[in-house]
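What follows is a set of notes on a single structure, which appears directly below.
Every value quoted in this text rests on a predicted model; they were computed, and no experiment measured them. Because only heavy atoms are used, hydrogens play no part in the values below, and waters and symmetry mates are left out as well, while side chains stay in. Whatever order the structure lists ligands and atoms in, that order sets their numbers, starting from 1.
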Amino acid sequence: MTNPTTTTTTKHERIALGCMGMSRMYGDADEAESIATIHAALERGVELIDTGDFYGQGHNELLIGRALRDRRDRARLSVKFGALRGPDGAWLGVQDSRPAAVKNFLAYSLVRLGVDHVDVYRPARLDPAVPIEDTIGAIADLVKAGYVRAIGLSEVGPETVRRAHAVHPIADLQIEYSLVSRGPERAIFPVLDELGIDLTAYGVLSRGLLTGSAPQGPTDFRAYMPRFTGANRERNQALVDALARLAAARGTTPAALAIAWAMAKSPRVIPVVGARTRRQLDDALVARDLRLTADDLAMLEAAVPADAVAGTRYPEAMLRHMDSER
Ligand SMILES: NC(=O)c1ccc[n+]([C@@H]2O[C@H](COP(=O)([O-])OP(=O)(O)OC[C@H]3O[C@@H](n4cnc5c(N)ncnc54)[C@H](OP(=O)(O)O)[C@@H]3O)[C@@H](O)[C@H]2O)c1
C-alpha cells in the first residue's frame with residue numbers, strides 16, 4: 001500500500017457520507033437535520049451516499065429517498081443488504097445471501113429509495129451458508145438487468161475478495177479502518193492493490209470514540225461496543241486527548257485529522273464518514289484540504305498507536321461472524 005513520502009492531495013469524491021447514524025443506530029437523530037446534512041454533502045461535492053436496508057429497518061432508505069427526490073442524479077448510492085431484523089428492531093440473523101433473497105432485498109430497497117437502480121450493492125456480511133460465488137452471481141444478474149451498477153463487499157477477508165472478484169469485478173470493499181483499527185493494512189490492502197479494488201473505510205472516527213462522542217443511552221448501539229464501555233472507555237480517553245492535542249497544534253479538529261490520516265494512507269481509501277449534522281459534515285470535509293506528510297503520519301501513529309486502544313472493535317460474539325477477522 002502506498003506510504004506517501006510527499007504531500008497527498010485529496011479529491012472531493014474521496015469522502016463519502018454514511019447515513020447509518022441517522023436511523024436509530026446511535027440513538028435519536030433529527031430527521032430535518034439529517035436531510036439537510038445529505039443536501040449539504042451533495043452541494044459540497046460528496047457523491048457517494050452509503051446505507052443499509054436494515055438501518056432502522058428501512059427507515060434509512062426512506063429518509064435518503066426523501067432527501068434525493070429532486071436530486072437523484074447528483075448522488076451515487078451504496079446499499080448493503082442481508083442482516084435480518086424483527087419489528088422491535090431485534091437482530092434475528094447475521095446475513096441472508098441466498099440468491100432469491102438478494103433479489104428480494106433489492107426489490108424493496110428500490111421502492112424505499114424511490115430509484116430505478118442503485119450504484120453499488122453489497123452483502124453486509126458473508127453468509128456462511130451460501131457460497132460467495134452464488135451471492136455475487138445473483139447481484140451480477142441484477143447488474144445485467146440494469147438495477148445495479150457495481151458490486152461491493154463488506155467485512156470479508158482476502159480469500160473471499162478473490163473468489164468474489166473471479167465471478168464479477170468488485171468495485172470496493174467496505175471495512176472498518178481508522179487510526180485505532182488498522183487490521184486491513186496487513187492482508188487486505190495488498191489484495192485490493194493487486195486487484196484494483198477501492199476500500200470504503202467506515203468507522204474512520206471509530207464511531208465517534210476518537211472525537212469524544214459517547215453513547216446516548218441503551219438505544220445507542222455504541223453502548224454495547226467494548227471500546228466505549230467501562231474501564232476501556234477511561235483508558236481510551238488518553239488516545240482521544242492525544243489526537244485532540246495534535247489537531248489543536250495544527251489548527252484543525254480531531255475529526256478532520258483522523259479522516260485525513262486515512263486518506264493519506266492510500267489513494268484507494270475512501271472514508272465513509274458518519275456525519276449526521278451539518279456541523280459534523282463541515283468539520284469532516286476540512287480533511288479534504290489537509291496535506292499530511294510522512295512525518296505527520298508518523299507523529300499521529302506514535303501519538304495514537306493502534307495497539308494502545310482498549311477493547312475490540314465489536315463484541316466478541318459479533319467478531320466471530322466476520323470473515324474479515326479470520
Ligand atoms: N460495512 C459495515 O459493516 C459498516 C458498519 C458500520 C458503519 N458502516 C457505514 O459507515 C458509515 C460511518 O460509520 P460510523 O458512523 O460508525 O463511523 P464514524 O464516522 O467513525 O463515526 C460517526 C460518529 O462520530 C461522531 N462525530 C463527531 N464528530 C464528527 C464529525 N466531524 N464528523 C462525523 N462524525 C463525527 C458522531 O457521533 P455523535 O453524533 O454521537 O457525536 C457520529 O455519529 C455508516 O453511516 C455506515 O454507512 C458500515
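Within the listing of ligand 1, atoms 5 (C) sit less than 4.0 angstrom from a heavy atom of Tyr314. In summary, the atoms of ligand 1 found under 4.0 Å from a heavy atom of Met20, numbered by their order in the structure, are 6 (C), 7 (C), 16 (O), 44 (C), 45 (O), 46 (C). Of all the atoms in ligand 1, the ones that sit under 4.0 Å from a non-hydrogen atom of Asp283 are 31 (N). Counting the atoms of ligand 1 from 1 in the order shown, those under 4.0 Å from a heavy atom of Gly18 are 11 (C), 44 (C), 45 (O), 47 (O). Near Arg222, with a cut-off below 4.0 Å to any heavy atom, the atoms of ligand 1 are 37 (O), 38 (P), 40 (O). With ligand atoms numbered from 1 in the order given, ligand 1 contributes 20 (O) to contacts under 4.0 Å with heavy atoms of Val204. Counting the atoms of ligand 1 from 1 in the order shown, those under 4.0 Å from a heavy atom of Ala255 are 30 (C), 31 (N). Each of the atoms 2 (C), 3 (O) of ligand 1 lies under 4.0 Å from some heavy atom of Arg125.
Using a non-hydrogen distance threshold of 4.0 Å, Cys19 registers as a contact of ligand 1.
Between Tyr108 and Phe81, the gap from one ring centroid to the other reaches at least 6.0 Å. Checked against the 6.0 Å centroid criterion, the rings of Tyr26 and Phe221 do not qualify as a close aromatic pair.
Counting non-hydrogen atoms of other residues, nucleotides and ligands closer than 6.0 Å to CG of Asp70 gives a total above 12. Other residues, nucleotides and ligands contribute over 12 non-hydrogen atoms within 6.0 Å of the CZ atom of Arg71.
Between Tyr121 and Tyr147 there is no side-chain heavy-atom pair separated by less than 4.5 Å. For the pair Glu61/Asp53, a side-chain contact is recorded, criterion being any heavy-atom separation below 4.5 Å from C-beta on. Considering only heavy atoms from C-beta on, Leu77 stays 4.5 Å or farther from Val120 through its side chain.
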* Evaluate the criterion ring pair (Phe, Tyr, Trp, His ring centres under 6.0 Å) for residue pair Tyr314 and Tyr224; output intermediate values, then yes/no. => CA-CA 8 Å; Tyr314 279 93; Tyr224 310 97; over 10 Å; no
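Nearest protein neighbour of atom 25 (C) of ligand 1, counting heavy atoms only, is Ser213 OG, 3.4 Å. Annotation: atom 12 (C) of ligand 1 to nearest protein heavy atom, Val272 O, 3.2 Å.
Side-chain atoms of Asp96 come within 3.5 Å of backbone atoms of Arg98 as a donor-acceptor pair (strictly under, hydrogens ignored).
Any N or O atom pair closer than 3.5 Å counts here, and Gln216 shares no such pair with ligand 1.
Residue contacts with ligand 1, taken as heavy atom pairs separated by less than 4.0 Å, involve Ser154 solely via side-chain atoms from C-beta onward. At a 4.0 Å heavy-atom cut-off, ligand 1 touches Lys80 through the side chain alone.
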